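A quick write-up on the structure given underneath.
When reading the values below, keep in mind they use all heavy atoms of this one structure, side chains included, and skip hydrogens, waters and symmetry mates. Computed from a predicted structure; not experimentally measured. Each chain gets a letter, A, B and so on, in the order the sequences are listed, and its residues count up from 1.
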Protein chains: 2
Amino acid sequence: MNNYTQMLRNHNLKATPQRLAIVDMLYMHGHMSIDALYEVMIKRFSSISLATIYKNINLMLENTFIQEVKLPNFKSVYELTKESHSHTMCEKCGKINDINLDLDAIVNTASTLKNFEITKADLVLSGVCKNCV
Amino acid sequence: MNNYTQMLRNHNLKATPQRLAIVDMLYMHGHMSIDALYEVMIKRFSSISLATIYKNINLMLENTFIQEVKLPNFKSVYELTKESHSHTMCEKCGKINDINLDLDAIVNTASTLKNFEITKADLVLSGVCKNCV
DNA sequence: GTTTAAAGGAGAAAAATTATCTATAATCTT
DNA sequence: AAGATTATAGATAATTTTTCTCCTTTAAAC
């Protein structure tokens, strides 16, 4: 039994081939939109329904097995849940990457400034990546 | 001729009553979703079409007269364009507020770290506001 | 192997967004 | 200020996106 099978079961999700493939695709590609996911999935499962993609994405979101990344001007992408991190997005090629940045100072400043208990910081840095300059 | 009328014209947008009201609502409420906007607009213009809301929001977005704020787990809200800033969102009451934070250090770090030309930084801090603790 | 509970697929339904068309209103021209 | 010009509002249809229903199949438990 592979890793993902166990991980899915730990989240009370049956390890179906479709589900394992979704996880696999997200692992390989890093970040994928619903459309992109459907496109690659239909190659493996010619009769897969778009509803299956949605159902699984939503289930995995509820179980925090995956997370949604909302992007300015683009459709959301999804990624496997990992340590808290930020994202860069190239406005030319659309490539999204993880980036580890220490936001503690900022979060603390904001917290005291507004008397606000911060539980999460979502940061997306948009621009042009080195390949697209 | 009021301020908004001139501002709209500067963006090549006719200053219709509906449009002025949208701008006014955004100014007063700060951040509004499409639904919330439609709800208040229909009180003033009983026959306003939802399409009018969408058309105007999209037009104003294109003209950067307003901006979209994408929020984790919630629908997007829109705000009048102003100086670059970040947002806090209370997960209990849903209230969204502007917050001015100096992200320069972070942006510079990210830029050199990934060799990435950053043009925009979108930061949303989620948590619990002082009123909801 | 049998049981049972969950998941997949097909398609309908619902929700969200965009497009089309015509009358009207805002702006421009003079 | 009046008429000409052009953009916009509203109604509705169309499209797109997402969710739901129903029935069959499959994974997991025993």
Side chain of [X] only, please: which of [options] is the nearest?
X	options	result
B:S49	D:dT8, D:dA11, C:dA26	D:dA11
A:L50	D:dT8, D:dT18, C:dG9	D:dT18
A:Q18	C:dG8, D:dG10, D:dT8	C:dG8
A:A51	C:dG11, D:dT18, C:dT18	C:dG11
B:K75	C:dA16, D:dA11, C:dA10	C:dA16
A:N56	D:dA27, C:dG9, C:dG8	C:dG8
A:S47	C:dG9, D:dT18, D:dG10	C:dG9

Please tell me if B:K55 has a side-chain N or O lying less than 4.0 Å from either OP1 or OP2 of D:dG10.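 It does not, given that no N or O in the side chain of B:K55 lies less than 4.0 Å from OP1 or OP2 of D:dG10.
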Taking only N and O in the side chain of A:T16, is any of them less than 4.0 Å away from OP1 or OP2 of D:dT26?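 Indeed not, no polar side-chain atom of A:T16 lies that close.
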If I take atom CZ in residue A:F45 and atom C1' in nucleotide C:dA10, what distance separates them, rounded to the nearest angstrom?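 Going from CZ in A:F45 over to C1' in C:dA10 covers 18 Å.
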Whole-Å distance separating the CD1 atom of A:I34 from the C1' atom of D:dT16: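 Interatomic distance, CD1 of A:I34 to C1' of D:dT16: 14 Å.
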Should A:K82 and A:D98 count as an ion pair when the cut-off is N to O under 4.0 Å?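 Salt bridge between A:K82 and A:D98, a charged N being under 4.0 Å from a carboxylate O: yes.
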Once hydrogens and angles are ignored, does a donor-acceptor distance under 3.5 Å link the base of D:dT6 to the side chain of B:K14?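 It does, because a donor-acceptor pair links the side chain of B:K14 to the base of D:dT6 below 3.5 Å.
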Could you tell me whether B:H85 and B:H87 have their ring centroids closer than 6.0 angstrom?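 Yes, ring centres under 6.0 Å apart.
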